[in-house]
Trainee: 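Sharing a structure, written as structure tokens. Questions coming.
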There are 2 protein chains.
Amino acid sequence: MEISTEDKILLAAKEVFTQKGYAAARMQEIADAAGINKGLLHYYFKNKEKLFLSVFHDALDNFIPRVNQVLEADLSLEEKIAGFIGEYMEVLIKNPHLPAFVLGEMNQHPQEFTRSILSRKELPNPMKLMMQLQMEADAGRIRSVSPLHLWMNIVSMCVLPFAARPMFQAVMGINDAQYWDFMRSRKKEVTDFILHAIRNENN
Amino acid sequence: MEISTEDKILLAAKEVFTQKGYAAARMQEIADAAGINKGLLHYYFKNKEKLFLSVFHDALDNFIPRVNQVLEADLSLEEKIAGFIGEYMEVLIKNPHLPAFVLGEMNQHPQEFTRSILSRKELPNPMKLMMQLQMEADAGRIRSVSPLHLWMNIVSMCVLPFAARPMFQAVMGINDAQYWDFMRSRKKEVTDFILHAIRNENN
DNA sequence: GTCTATAGGTAGATAGAC
DNA sequence: GTCTATCTACCTATAGAC
């Protein structure tokens, strides 16, 4: 079972684009990484932009459905928060360059990104989680917090440590092994942190 | 009191570099934005990389001392956390493109970034805050939490909402005014969130 | 489908007049 | 200090043989 030329290209392109960004990526380098030549690259993907969009959308399509599955599941609030953080960080541990890549590119082309993301089949959908938060707060089972801020807080704590890795390691003086130890311990740490933050003080 | 040509260039370069990134930025566009021509650009800054580094380091030098001043001040834990978040977000509100720019560039050139940041006069210095956290936890005045994780949590909640703005607005369907309302309300919201998360349950 | 060779355009950098 | 003109290199994309 061979790996098709198209998949070899997509794999190589993912590597180069995520590490260098669209503008600095070179078609030659992608061809080299895929073990083919530039001509063949244009045979499969008419131009650089089309190849980039394939990589970019593949990344989102692998990501969004997985977290949505947790967000839309029939789980208690605590289970859902723990499940979301676990799933989200699991995907990022396997794709550690994804956050900086997506953040960088979408800020360099915000209007194209917005058009493009809104036309996708699936968007991140935190609505059910936010409704649950509101209900639990109304029922007095958790502290009353802004669902939108809480959602932003959860995503921030999951995503930023990947994107800020070079600064974090430099400032803290930690090596790669220590970084990954820290990241692995984060799933539980962030979950506990959030559950404590929304605990009702009257319990 | 005129603005010097060099400052006009730096200002224009900051705009173009922070929005397009190093690789996609064009010397021609910077020259146009500064109201001069390409030749003069090379007269003041020998090449593109030197111009970029001036912008990049100016950004960090404007940023790091301001937050360090709070981090190293003689304040109670609660005041320090509130002060840090307030100062950090205040700077970012005035430079909203900075986070995605810095995150993107440092991930595209991690080794150069690491060399460069370590040779700067001043690094972000959360040590005193982290010692305070440890002491308060040992004294039982706050819940025992990992200082390193807490530090990462605070920074994450401050920084990511700027870098993730296009995704956030698209997914939530909110306009620019609503986005800025949200961001302005975040200083207090994040501070409260953290203070609740580290509250000691036995109080 | 896969390759080589090259066209065509663009951008960083320099030379030199004023 | 500031400008115009130009050189040189590189990179995307295409043409065309196999």
Side-chain angles (χ1 to χ4, degrees), chain A residues 1-59 101 104-105 107-109 111-113 116, chain B residues 1-59 97 101 104-109 111-113 116:
Chain A
M1 55 161 276
E2 305 289 292
I3 180 169
S4 74
T5 301
E6 183 167 352
D7 284 345
K8 277 194 288 190
I9 294 173
L10 283 171
L11 225 48
K14 180 183 167 184
E15 277 310 296
V16 176
F17 276 132
T18 50
Q19 284 173 38
K20 308 251 172 123
Y22 177 78
R26 294 293 165 247
M27 295 298 265
Q28 183 65 61
E29 189 178 354
I30 295 173
D32 292 346
I36 57 160
N37 58 71
K38 272 195 297 179
L40 203 50
L41 228 50
H42 286 88
Y43 174 79
Y44 279 94
F45 299 87
K46 199 144 243 50
N47 55 41
K48 187 181 178 182
E49 190 183 348
K50 283 192 174 38
L51 176 55
F52 171 80
L53 288 175
S54 289
V55 170
F56 195 75
H57 289 150
D58 278 3
F101 169 63
E105 295 301 330
N107 273 281
Q108 283 169 28
H109 319 280
Q111 51 296 69
E112 293 90 330
F113 171 80
S116 161
Chain B
M1 57 162 275
E2 306 287 292
I3 180 170
S4 73
T5 301
E6 183 167 353
D7 285 346
K8 276 194 288 188
I9 294 174
L10 282 170
L11 224 49
K14 179 183 169 184
E15 276 310 294
V16 177
F17 277 131
T18 51
Q19 283 171 41
K20 307 252 171 121
Y22 177 79
R26 295 290 164 249
M27 295 296 266
Q28 182 65 62
E29 189 178 353
I30 295 172
D32 292 347
I36 57 158
N37 58 70
K38 269 195 298 179
L40 204 50
L41 228 50
H42 286 89
Y43 173 79
Y44 279 95
F45 299 88
K46 201 146 244 46
N47 56 40
K48 188 181 178 182
E49 190 182 350
K50 283 194 173 37
L51 177 54
F52 172 80
L53 288 176
S54 289
V55 171
F56 196 74
H57 289 150
D58 278 3
H97 294 289
F101 170 63
E105 296 301 331
M106 81 181 174
N107 273 280
Q108 283 167 28
H109 320 280
Q111 50 297 70
E112 292 91 331
F113 171 79
S116 161

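In what follows, chains are A, B, ... by sequence order, proteins preceding strands, each numbered from 1. Here the structure is a predicted model, which is why all the values come from computation and not from measurement.
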Trainee: How many whole angstroms separate atom CD of A:Gln28 from atom P of D:dT12?
Mentor: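 It works out to 9 Å between those atoms.
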Trainee: Please give, in whole Å, the distance from D:dT12 P to A:Leu51 CG?
Mentor: 11 Å
Trainee: Using whole Å, report how far CG of A:Asn47 lies from P of C:dG8.
Mentor: 19 Å
Trainee: Quickly work out the B:Glu2 CD to D:dT2 P distance and round it to whole Å.
Mentor: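 Going from CD in B:Glu2 over to P in D:dT2 covers 12 Å.
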Trainee: Is any side-chain N or O of A:Thr5 closer than 4.0 Å to OP1 or OP2 of C:dG1?
Mentor: no
Trainee: Phosphate oxygens OP1/OP2 of C:dT14: is one of them under 4.0 Å from a side-chain N or O of B:His42?
Mentor: no
Trainee: Does OP1 or OP2 of C:dT10 have a side-chain N or O of B:Arg26 closer than 4.0 Å?
Mentor: no
Trainee: Is the distance between the ring centroids of A:Phe56 and A:Phe101 less than 6.0 Å?
Mentor: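 Distance test on ring centres: under 6.0 Å, yes.
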Trainee: How close or far is atom P of C:dT2 from atom CD of A:Glu6, stated in whole angstroms?
Mentor: 11 Å
Trainee: Go through C:dT2, C:dG12, D:dA13 for me and flag the one nearest to the B:Met27 side chain.
Mentor: C:dG12
Trainee: Look at all strands and tell whether A:Ala31 reaches a base, only sugar-phosphate, or nothing, counting heavy atoms closer than 4.0 Å.
Mentor: nothing
Trainee: Quick check for you: among D:dG1, D:dT4, C:dC3, whose closest atom lies nearest to any side-chain atom of B:Asn37?
Mentor: D:dT4
Trainee: Whole angstrom is fine here: how far is it from CD1 in A:Ile36 over to P in C:dT2?
Mentor: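 Checked: the CD1 to P distance equals 8 Å.
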Trainee: Have a look at A:Ala23 and say if it touches a base, only the backbone sugar-phosphate, or nothing, with a 4.0 Å heavy-atom cut-off.
Mentor: nothing
Trainee: Answer with base, sugar-phosphate or nothing: what part of the nucleic acid does B:Tyr43 contact at a heavy-atom distance below 4.0 Å?
Mentor: base
